[in-house]
Amino acid sequence: MKLERDARGKSNRSLTAKLFIFALGSFGFGFALVPLYNVLCAVTGQGDQSALARAAVVSEHPDLTRMVSVDFLTDVPANGNWEFHPMVKTMQVHPGQLYLTHFYAHNLMGHDTVAQAVPDISPSKAVAWFRKTECFCFSPQHFSVNQERVMPVRFFVDPALPKYIDRLTLTYTFYDSSTMVKPEK
């Protein structure tokens with residue numbers, strides 16, 4: 001009997017030590033996520049706070065000798081009922097100069113909803129040089145039943161864009177997030 005208790009006690013201590021090490025490792029991993037996120041942002045160019053701060057600064061000397069075509073596309077997943085399209089399909093832009101374009105959205109869902117636009121830039125090599133200073137994609141958009149809206153996007157193409165890239169495509173996918181809508185009181 002005493003042998004069993006000693007074996008069980010040893011097993012319990014071993015399990016407790018393993019759980020403590022696991023908890024300590026999880027806690028350490030939680031602290032490591034911030035630097036890992038910063039490294040990931042630096043590598044991909046997405047979500048990097050320093051890059052976002054630089055994005056707000058438009059060049060004082062746009063490259064007027066160069067033109068870049070920017071195409072605008074939209075997509076709505078099959079589970080939503082929206083009319084969503086760019087007001088202009090293509091723009092010719094000078095790198096370093098600020099531009100404004102608009103997108104049209106119309107809620108055909110039959111109820112109030114919240115939608116979120118997710119941008120994508122092609123070619124993916126150009127992501128670091130396409131800068132949005134104002135965009136409806138920065139936050140969820142609340143739409144009433146049958147509401148229509150024209151939404152702005154202010155952007156510029158960084159003059160440091162490699163010369164071999166002369167065409168960019170900005171695509172927005174408009175997702176319905178109606179589960180985020182709270183009934184009004």
Side-chain angles (χ1 to χ4, degrees), residues 1-57 73-82 84 103 105 107-145 147 149 151-156 158 160-162 165 168-185:
M1 187 78 148
K2 181 171 171 41
L3 214 53
E4 260 181 55
R5 251 187 285 148
D6 288 344
R8 190 178 314 143
K10 186 176 180 180
S11 176
N12 285 346
R13 284 190 296 278
S14 174
L15 179 61
T16 302
K18 288 176 185 176
L19 288 174
F20 179 75
I21 290 170
F22 180 77
L24 191 62
S26 296
F27 188 72
F29 182 71
F31 275 101
L33 283 178
V34 173
L36 288 173
Y37 176 78
N38 290 337
V39 168
L40 180 65
C41 290
V43 169
T44 64
Q46 298 291 321
D48 182 10
Q49 294 302 315
S50 60
L52 291 174
R54 287 190 311 271
V57 180
L73 300 174
T74 58
D75 187 29
V76 178
N79 64 346
N81 195 7
W82 290 90
F84 179 55
F103 287 76
N107 175 10
L108 302 171
M109 299 289 286
H111 55 82
D112 289 2
T113 190
V114 173
Q116 179 71 50
V118 177
D120 183 43
I121 307 289
S122 300
S124 59
K125 295 176 202 166
V127 167
W129 293 283
F130 189 87
R131 312 277 173 77
K132 294 182 295 287
T133 61
E134 176 185 347
C135 183
F136 60 92
C137 65
F138 291 161
S139 60
Q141 302 293 314
H142 182 272
F143 282 84
S144 299
V145 175
Q147 182 179 2
R149 188 180 306 158
M151 302 175 294
V153 176
R154 285 188 194 281
F155 70 93
F156 68 95
D158 192 310
L161 178 74
I165 300 176
L168 304 172
T169 302
L170 173 61
T171 304
Y172 284 106
T173 304
F174 211 51
Y175 291 98
D176 174 50
S177 306
S178 57
T179 57
M180 296 171 60
V181 176
K182 294 183 173 119
E184 293 183 23
K185 295 180 182 179

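Along the sequence shown, the residues carry numbers beginning at 1.
Atom OG1 of Thr113 is separated from atom CG of Leu108 by 11.5 Å, given to the nearest 0.5 angstrom.
Shown here for Asp120 and Ser122, the closest heavy-atom pair between the two residues is OD2-OG, 4.0 Å. Heavy-atom minimum distance, Ala126 versus Leu161: CB-CD1, 4.0 Å. Closest heavy-atom contact between Pro152 and Glu134: CG-OE2, 3.3 Å. When all heavy atoms are compared, the tightest approach of Phe143 to Ala105 is CZ-CB, 3.7 Å.
Without hydrogens or angle criteria, Ser14 side chain to Lys10 main chain gives no donor-acceptor distance under 3.5 Å. Using a distance-only test at 3.5 Å, with no hydrogens or angles considered, a donor-acceptor pair links the side chain of Asn107 to the main chain of His111.
Listed by chain and residue number, Lys132, Cys137, Leu170, Tyr172 satisfy the side chain to side chain contact (heavy atoms under 4.5 Å, CB included) test with Pro119 (two or more places apart in sequence, or in another chain). Here Gln141 pairs with Arg149 under the side chain to side chain donor-acceptor pair (under 3.5 Å) rule; sequence neighbours left out. Here Thr173 pairs with Asp75, Pro77, Tyr175 under the side chain to side chain contact (heavy atoms under 4.5 Å, CB included) rule; sequence neighbours left out. Legend: residues meeting side chain to side chain contact (heavy atoms under 4.5 Å, CB included) with Ser144, ordered by chain and number and at least two apart, are Asp112, His142, Gln147. Partners of Phe130 according to the ring pair (Phe, Tyr, Trp, His ring centres under 6.0 Å) rule, which considers only residues two or more places apart in sequence or in another chain, are Phe155. Applying the side chain to side chain contact (heavy atoms under 4.5 Å, CB included) test to Leu73 and every residue at least two apart in sequence or in another chain returns Thr169, Thr171.
Here the side chains of Thr74 and Phe174 are not in contact, with every heavy-atom distance at 4.5 Å or above.
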